[in-house]
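Any value given below was found using the heavy atoms of this structure, including those in side chains, with hydrogens, waters and symmetry copies removed. The model shown is predicted, which means the values in this text are computed figures rather than measured ones.
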Amino acid sequence: MSEIKDLTINMLEHNEAIWELYLANRADQQTFDFYKDMKPFVDAVKETSDQWLVLVIPWVNTARPTYLGQAQLEQVAENIQMIAVSAFNGKSFYKHFNDHYQSVEYTLKRVLEKAL
């Protein structure tokens, strides 16, 4: 159970880093190197979200916490990976990006609450 908590906290940290990167690029479009900056960042988010899914899906299917389901968790992993890529483009539509960011944060916080 503590591994689920640790990975969920790590996912929340990734989500915050993505948000900060997006805001920085939105204010001042920064240049970046795909292989040096973007790829390692996005790969780290994907690796964490894949590890998280492997642990959290069996837990949700067994414990059946209220308001959490497998499809919702898979959507979180997909959304966080999508916004990790979009964060490098400060011209991404703010409302769309913010909605995905908040959705990821909300669900991850629910996982933390239920996993305690």
Colleague: Can any side-chain N or O of T62 pair as donor or acceptor with the backbone N or O of W59 at less than 3.5 Å?
Modeller: no

Colleague: So that I can tick it off, tell me whether E105 and K109 are bridged by a salt bridge, with the cut-off set at under 4.0 angstrom between side-chain N and carboxylate O.
Modeller: yes

Colleague: What heavy-atom pair brings Y22 and S92 nearest, and what distance separates the two atoms?
Modeller: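 In terms of heavy atoms, the two residues are closest at OH-O, 2.7 Å.
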
Colleague: If you define the side chain from C-beta out and look only at heavy atoms, does anything of V111 sit under 4.5 Å from W52?
Modeller: yes

Colleague: Nearest 0.5 Å, what's the CG-CE distance between D43 and M38?
Modeller: 10.0 Å

Colleague: Test E16 against Y101 for side-chain hydrogen bond (donor to acceptor under 3.5 Å, both in side chains), laying out the working first.
Modeller: CA-CA 8 Å; E16 275 309 305; Y101 160 76; 2.3 Å; yes

Colleague: So which atom in L68 and which in V60 form the shortest heavy-atom distance, rounded to 0.1 Å?
Modeller: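 That would be O-CG1, 3.7 Å.
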
Colleague: Taking N10 for its side chain and D6 for its backbone only, find out whether a donor-acceptor pair lies under 3.5 Å.
Modeller: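 No; zero donor-acceptor contacts below 3.5 Å.
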
Colleague: Mark yes when over 12 heavy atoms from residues, nucleotides or ligands other than Y67 sit less than 6.0 Å from its OH; otherwise mark no.
Modeller: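 No, because the 6.0 Å sphere around OH of Y67 holds 12 heavy atoms or fewer from other groups.
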
Colleague: Would you give the length of the straight line joining atom OG1 of T8 to atom CD of E3, rounded to the nearest 0.5 angstrom?
Modeller: 10.5 Å

Colleague: Give the minimum heavy-atom separation between I4 and A115, together with the two atoms involved.
Modeller: CG2-CB, 4.5 Å

Colleague: Is any side-chain heavy atom of Q75 closer than 4.5 Å to one of T107?
Modeller: no

Colleague: Please report the closest heavy-atom contact between L7 and T48, naming both atoms and the distance.
Modeller: CD2-CG2, 4.2 Å

Colleague: Which distance, rounded to the nearest 0.5 Å, do you find between the NZ of K46 and the CD1 of I80?
Modeller: 12.5 Å

Colleague: Can you name the nearest heavy-atom pair linking V76 to M11, along with the distance?
Modeller: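 Closest heavy-atom pair between V76 and M11: CG1-CE, 4.2 Å.
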
Colleague: Would you give the length of the straight line joining atom CD1 of I83 to atom CG of N89, rounded to the nearest 0.5 angstrom?
Modeller: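 Separation between the atoms: 13.5 Å.
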
Colleague: Hey, could you give me the CG/NZ distance between L112 and K5, rounded to the nearest 0.5 Å?
Modeller: 8.5 Å

Colleague: Tell me whether I9 shares a hydrophobic cluster with Y106, the cluster being built from Ile, Leu, Val, Met, Phe, Trp, Tyr side chains joined at under 4.5 Å.
Modeller: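 Shared cluster, no.
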
Colleague: What is the minimum heavy-atom distance between E113 and R110, and which atoms define it?
Modeller: OE2-NH2, 2.8 Å

Colleague: Does a side-chain heavy-atom distance below 4.5 Å link F41 with F88?
Modeller: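 Side chain of F41 against side chain of F88, heavy atoms only: contact under 4.5 Å found.
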
Colleague: Between S86 and M82 (side chain of the first, backbone of the second, donor and acceptor by atom type, cut-off under 3.5 Å), is there such a pair?
Modeller: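 Confirmed, S86 side chain pairs with M82 backbone.
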
Colleague: Before giving the answer on side-chain contact (heavy atoms from CB on, under 4.5 Å), spell out for D50 and Q81 the whole-Å C-alpha distance, their side-chain angles and the decisive distance to 0.1 Å.
Modeller: CA-CA 10 Å; D50 288 347; Q81 291 173 39; 3.9 Å; yes

Colleague: Measuring from atom CZ of R64 to atom NZ of K114, what distance do you get when rounded to the nearest 0.5 angstrom?
Modeller: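 Separation between the atoms: 14.5 Å.
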
